[in-house]
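FYI, the numbering just counts along the sequence from 1. In listed order, ligands and their atoms are each counted from 1.
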Amino acid sequence: MDDANLYRLIASRFPADPSRPVIEDAQGRLYGWHDMDRMSARFAATLASLGCVKGDRIAVQVDKSPEALFLYLACLRGGFVFLPLNTAYRAGEVEYMIGDAGPAVMVASPAVVADAETAARRHGCRHVLTLTAGGEGSFPALVPTAPCPDVPCAADDVAAILYTSGTTGRPKGAMLSHRNLAANGEALRTSWAFTAGDVLLHALPVFHAHGLFVACHCVLLSGARMLWLPAFDQRQVMACLPRATVFMGVPTYYTRLLAGADFTAETCAGVRLFVSGSAPLSPETFLAFRQRTGHAILERYGMTETGMNTSNPYRGERRPGSVGRPLPGVSVRVAGPEGGILPPGAVGVLQVRGENVFAGYWRRPDKTAEDFTPDGWFITGDLARIDDDGVVTLVGRARDLIISGGYNVYPREVEQVIDRLEGVVESVVIGLPHPDFGEAVVAIVQARFPAPAPETVMEHARAHLAKYKVPKAVLFVEALPRNAMGKVQKNLLRQTHAAEFAS
Ligand code: MCA
Ligand code: AMP
């Protein structure tokens with residue numbers, strides 16, 4: 001069997017001098033490629049010493065650190081399945097995912113380890129260990145008793161499971177294979193012209209596809225280097241940008257940078273490429289950024305299940321409001337309501353095919369089957385049109401989904417939580433335009449007397465949901481507007497309250 005382990009591919013791209021830095025953290029600490037190789041080997045050996053074997057899931061809910069990345073690479077090396085969890089998830093959200101995925105080991109930050117232990121006990125996860133933002137904790141303190149496994153993998157072996165919510169409100173684990181990750185990483189590296197001379201300013205979280213795969217794989221497959229910030233902080237980003245050649249972010253990062261009067265063309269003098277994705281980049285932001293800096297932000301489009309599908313060109317016109325053409329190896333088409341394929345210019349649901357498309361949802365063959373056409377295309381749920389020249393423009397979503405600051409929020413999940421609160425008759429959750437987050441989560445509540453205060457609704461949501469899902473406003477109505485079928489008219493509510501966050 002050919003070894004398709006993604007780590008093997010990464011190792012083949014190490015620079016000739018492996019002492020060259022691959023990561024520089026916010027404290028100025030340098031980590032060479034050989035340090036990354038040694039640390040990931042040690043972590044893989046630690047997991048093997050704990051009894052983990054190929055295919056075991058390793059749940060990781062930790063703050064961003066170089067060690068968090070090394071733990072991901074350790075999972076690749078050992079053939080373990082990396083299962084990253086957002087540190088914002090609350091106990092109930094984590095418990096569901098742990099119960100569903102059945103990890104053998106969980107590595108958690110000290111802030112969330114108590115919840116992790118409770119979930120682990122209930123679901124038979126054998127080991128819960130800690131990893132701090134400073135790279136310390138009970139996991140790195142373990143001394144391995146086994147050698148680094150360095151397990152050969154088939155291309156279809158699962159490398160990672162990333163949970164992504166569904167319209168039902170229950171997250172599903174998207175299984176990404178070594179082939180999926182390698183194919184997408186290579187497509188991005190070549191399309192965006194990464195070389196060993198690049199310095200990527202990395203400010204994204206590493207528990208989602210954007211920060212973990214899109215950003216890191218471009219660097220790890222090209223021998224480049226990263227300036228590794230713990231999170232997006234406008235001041236820190238401003239301070240580091242002059243040393244970077246590439247920056248990637250969600251649209252909120254760009255609007256926040258533009259909000260600083262001291263953010264100028266000079267700040268970006270050494271940058272060759274700004275990439276945006278995860279949420280729509282408004283043409284206003286694109287134009288304002290170009291005017292201020294001279295840079296046309298390159299917008300691309302993807303999903304957890306597929307990695308990146310389309311991208312504006314590295315060389316050539318980057319069209320504001322469009323997400324460009326399919327990446328090498330990716331095919332796209334648009335289907336009508338009956339499933340028929342539509343001609344150029346018509347709006348329908350975008351479908352995708354290619355080596356980037358995931359292997360299916362973990363233990364959910366029913367859901368997997370629902371999301372693929374009989375001839376094997378993945379149904380994205382995004383509404384799009386493809387113009388004559390092959391350029392894709394997203395025009396909306398067939399799914400009821402809010403994207404706030406690059407994070408997906410499924411209204412049903414939030415409604416279900418709010419509806420459990422005493423005094424609430426029914427809630428409806430919508431996304432409204434927001435100057436910072438693009439869209440903000442808002443709850444429209446019909447309550448009985450005495451109605452709970454908006455702050456009580458938010459408090460309640462905060463206790464059960466990650467903070468980014470908590471409504472930024474709670475509005476009360478006498479009755480929810482319904483159509484003849486009795487269905488709540490969300491469009492009407494969106495129109496009525498469109499100016500809620502107008503600045
Ligand atoms: C934090 N809060 C948020 C968000 N983030 N609320 C709504 N939307 C958010 N995205 C909460 C905070 O907990 C806080 O709550 C309050 O809002 C204000 O916090 P603030 O300090 O402004 O937030 P922040 O910590 O600066 O974070 C905002 C952020 C961050 C920098 C935009 O959310 C971020 O880095 N987002 C990137 C998401 C991402 O990587 N997405 C990729 C998904 P309180 O006031 O109550 O304390 S992968 C994907 O989508 C696909 C594959 C793709 O195409 O990339
Ligand atoms: P996720 O489930 O977090 O992987 O989010 C994937 C969704 O993010 C896609 O289905 C799109 O709706 C949205 N998305 C990603 N990139 C873009 C973009 N450039 N413009 C608009 N929406 C995007």
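Contacts with ligand 2 closer than 4.0 Å are made by no heavy atom of H210, backbone or side chain. Proximity of S276 to ligand 2, defined as any heavy-atom pair under 4.0 Å, is not found for any part of the residue. Only the side chain of I403 comes within 4.0 Å of ligand 2, judged by heavy-atom distances. When non-hydrogen atoms are compared, ligand 2 lies under 4.0 Å from the side chain of E299 (C-beta onward) but not from its backbone. At a heavy-atom distance under 4.0 Å, atoms from both the backbone and the side chain of T304 approach ligand 2. Under 4.0 angstrom from ligand 1, there are no non-hydrogen atoms of Q234.
Side-chain contact, Y361 with D371: a donor N or O sits under 3.5 Å from an acceptor N or O. In summary, the side chains of T285 and S282 do present a donor paired with an acceptor at a separation below 3.5 Å, with no hydrogens or angles considered. Side-chain polar atoms of W192 and S311 form a donor-acceptor pair below 3.5 angstrom. The closest side-chain donor-acceptor pair between R170 and Y410, if any, does not fall under 3.5 angstrom. N356 and T306 share no donor-acceptor pair across their side chains, judged by distance under 3.5 Å alone. Looking at Y163 and D100, their side chains do bring a donor and an acceptor atom within 3.5 Å of each other.
Counting only heavy atoms, the protein gets under 4.0 Å from atom 26 (O) of ligand 1. Taking a distance limit of 4.0 Å, we find that atom 40 (O) of ligand 1 is approached by some protein heavy atom.
Residue contacts with ligand 1 include P205, since one or more of its heavy atoms lies under 4.0 Å from the ligand. Residue contacts with ligand 2: A209 is excluded, as none of its non-hydrogen atoms falls under 4.0 Å.
Residue S278 places at least one N or O, backbone or side chain, under 3.5 Å from an N or O of ligand 2. Between M308 and ligand 1, no N or O atom pair is found at a separation short of 3.5 Å. No N or O atom of T380 sits closer than 3.5 Å to an N or O atom of ligand 2. Polar contact check, R300 against ligand 2: a nitrogen or oxygen pair lies under 3.5 Å apart. Checked by distance only, ligand 1 and G406 come closer than 3.5 Å through their nitrogen or oxygen atoms. For ligand 2, the polar-atom distance check finds no N/O of Y301 at less than 3.5 Å from any of the ligand's N/O atoms.
For atom 3 (O) of ligand 2, the nearest protein heavy atom (residue, atom name, distance) is N408 ND2, 3.1 Å. Protein heavy atom in closest approach to atom 12 (O) of ligand 2: D382 OD1, 2.7 Å. With hydrogens left out, the protein atom closest to atom 18 (C) of ligand 1 is F437 CZ, 4.2 Å, a heavy atom. Of the protein's non-hydrogen atoms, G405 O, 3.1 Å is the one closest to atom 36 (N) of ligand 1. For atom 7 (C) of ligand 1, the nearest protein heavy atom (residue, atom name, distance) is S404 OG, 3.0 Å. The protein non-hydrogen atom at the shortest distance from atom 7 (C) of ligand 2 is G302 O, 4.0 Å. In this structure, the protein non-hydrogen atom closest to atom 16 (C) of ligand 1 is K472 NZ, 4.1 Å.
Remark: side-chain polar atoms of Y301 are not paired, donor with acceptor, to backbone N or O of G324 under 3.5 angstrom. Between the side chain of D387 and the backbone N or O of D389 there is no donor-acceptor pair closer than 3.5 Å. K64 places a side-chain N or O within 3.5 Å of a backbone atom of L204 that can act as its donor or acceptor partner. With hydrogens and angles disregarded, a donor-acceptor distance shorter than 3.5 Å links the side chain of R272 to the backbone of A193. Side-chain atoms of N312 come within 3.5 Å of backbone atoms of E299 as a donor-acceptor pair (strictly under, hydrogens ignored). When atom types are taken as modelled, the side chain of H202 and the backbone of A215 share no donor-acceptor pair closer than 3.5 angstrom. T368 contributes a side-chain N or O that, together with a main-chain N or O of R364, makes up a donor-acceptor pair within less than 3.5 Å.
Between Y407 and H208, a ring centre-to-centre spacing shorter than 6.0 Å is recorded. Centroid-to-centroid, the aromatic rings of F358 and F378 come within less than 6.0 Å.
When each atom of ligand 1 is checked for a heavy atom of T304 under 4.0 Å away, the hits are 52 (C). Listed by number with element, the atoms of ligand 2 under 4.0 angstrom from any heavy atom of M303 are 4 (O), 6 (C), 9 (C), 10 (O). For ligand 2, the atoms sitting less than 4.0 Å from at least one non-hydrogen atom of L394 are 20 (N), 21 (C), 22 (N), numbered in the order shown with element in parentheses. Every atom of ligand 2 with a heavy atom of T164 under 4.0 Å away is listed here by number and element: 2 (O). Taking a cut-off of under 4.0 Å to the non-hydrogen atoms of A209, the atoms of ligand 1 that pass are 48 (S), 52 (C). Near V323, with a cut-off below 4.0 Å to any heavy atom, the atoms of ligand 2 are 19 (N).
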Kindly indicate, with the supporting measurements, whether the criterion side chain to side chain contact (heavy atoms under 4.5 Å, CB included) is fulfilled by R225 and I23. CA-CA 6 Å; R225 130 190 210 182; I23 291 183; over 6 Å; no

Using the side chain to side chain donor-acceptor pair (under 3.5 Å) rule, take R333 and Q351 through it: C-alpha gap first, then chi angles, then the decisive distance, then the call. CA-CA 5 Å; R333 67 185 192 185; Q351 300 181 352; 2.8 Å; yes

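Looking at R300, H210, M248, M303 and measuring to atom 54 (O) of ligand 1, the nearest heavy atom belongs to R300. In this structure, of G302, S278, A440, the residue bringing a heavy atom nearest to atom 50 (O) of ligand 1 is S278. Taking all heavy atoms of Y468, Y407, Y253 into account, the minimum distance to atom 35 (O) of ligand 1 is reached by Y253. The residue among H208, K467, R256 with a heavy atom at the shortest distance from atom 20 (P) of ligand 1 is R256.
We find the CZ-NE2 distance between F274 and H295 to be 5.0 Å, quoted to the nearest 0.5 Å.
Figure legend: R235 and F263 shown without cation-pi pairing, the cationic atom not lying both under 6.0 angstrom from the six-membered ring centre and within 45 degrees of its axis.
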